[in-house]
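A quick note: this is a predicted structure, and the numbers were derived from the prediction, not measured. No hydrogens, no waters, no symmetry mates; every other heavy atom, side chains included, goes into these values.
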Amino acid sequence: MENIDLNNREKEILEAVVRQFVLTGNPVGSRTLSKTSGAKLSPASIRNVMADLEEKGYLNHPHTSAGRIPTTRGYRLYVDKLIEIADLSEMEQEIIAENLQTYEGDIDKIMETAVRVLAQISNQLGVILTPRFEEAVLRKLEILEISSNRVLLVLNLKNAIAKTIMLEVEHQIPPERLNRLTQLLNERLSGLTLSQIRATFRERLVDMAAEQTGLIRLFIESADKLFDHQRFADVKYTGTTNMLAKPEFADIEKFSA
């Protein structure tokens with residue numbers, strides 16, 4: 001973190017410039033700040049402070065405007081030191097709880113819902129970088145009967161993350177047989193990463209390929225799909241329509257550029 005070389009007045013003016021620029025999308029002039037910032041300074045005094053901030057690299061002066069805009073350094077200082085962090089309102093906390101509590105453990109649904117709620121609450125673009133599952137360690141595997149020809153494969157990973165996969169089977173599998181298969185699979189796969197399982201799945205279960213239910217054979221044939229989670233190492237985003245309401249995009253020509 002860089003040392004802050006600003007006095008209190010400079011911090012106040014920088015914060016006001018950032019807030020005003022974010023609000024309007026237009027370069028901020030000294031006269032505007034004297035009216036809107038609450039700073040008890042004349043436009044001339046504010047102009048001098050802004051000139052100092054520009055010299056220190058926190059503001060920039062577009063050639064076509066008398067106002068100034070924050071630089072990357074100015075934004076960084078504002079985010080790290082000047083911005084006031086507000087607590088979530090009760091309504092925002094309720095929205096988060098209502099949307100996420102029903103998806104406990106299902107990482108796909110948690111991520112998709114979280115990014116949507118983030119965009120909704122912030123009225124901004126919601127962006128989430130999903131975790132990389134390739135090196136996630138399998139804690140245990142569960143197989144649940146959904147119907148006579150469908151089972152649910154649940155991969156319980158360390159750190160309370162779960163991944164569910166629906167599979168179609170040729171015929172109904174007796175519960176006791178399903179429990180035995182689950183036990184055997186856990187004995188051979190528990191404690192391995194998903195990448196290790198995908199690479200060695202066939203070899204680890206080759207002696208079980210002929211078991212009567214056909215489930216192990218289905219697992220072997222579908223191993224690449226079942227344990228390939230590279231596609232989840234991705235960026236999820238939503239709320240792009242929120243950006244259209246921002247002042248930066250009010251000008252269609254700027255948006256196209």
Strictly below 4.0 Å, N to O, side chains only: are [X] and [Y] in salt-bridge contact?
X      : Y      : result
Glu10  : Lys56  : yes
Arg19  : Glu15  : yes
Asp207 : Arg188 : yes

Quiz item: Does the side chain of Asn156 come under 3.5 Å of the side chain of Glu142 through a donor N or O and an acceptor N or O?
Solution: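 Checked: Asn156/Glu142 side chains pair up, N/O donor to acceptor below 3.5 Å.
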
Exercise. May I ask you to check whether Asp5 and Tyr58 show a side-chain donor-acceptor distance below 3.5 Å?
Key: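 Side-chain D/A pair, Asp5 to Tyr58: present.
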
From the options [options], select the one residue that forms a side-chain contact (heavy atoms from CB on, under 4.5 Å) with [X].
X      : options                        : result
Leu59  : Ile13, Val28, Ile69, Leu14     : Leu14
Ile143 : Leu167, Val154, Asn179, Leu153 : Leu153
Val169 : Ile146, Leu178, Val151         : Val151

If every non-hydrogen atom of [X] is compared with every non-hydrogen atom of [Y], which pair is closest and at what distance?
X      : Y      : value
Thr200 : Gln196 : OG1-O, 2.7 Å
Val22  : Tyr75  : CG2-CE2, 4.4 Å
Leu157 : Leu194 : CD2-CD2, 4.1 Å

Quiz item: Has Glu90 got more than 12 heavy atoms of other residues, nucleotides or ligands less than 6.0 Å from its CD?
Solution: no

Quiz item: Has Asp87 got more than 12 heavy atoms of other residues, nucleotides or ligands less than 6.0 Å from its CG?
Solution: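 At most 12 heavy atoms, drawn from other residues, nucleotides or ligands, come within 6.0 Å of this atom.
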
Quiz item: How long is the span from the CG atom in Leu118 to the CG atom in Asn99, to the nearest 0.5 Å?
Solution: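 Taking CG in Leu118 and CG in Asn99, the distance rounds to 12.0 Å.
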
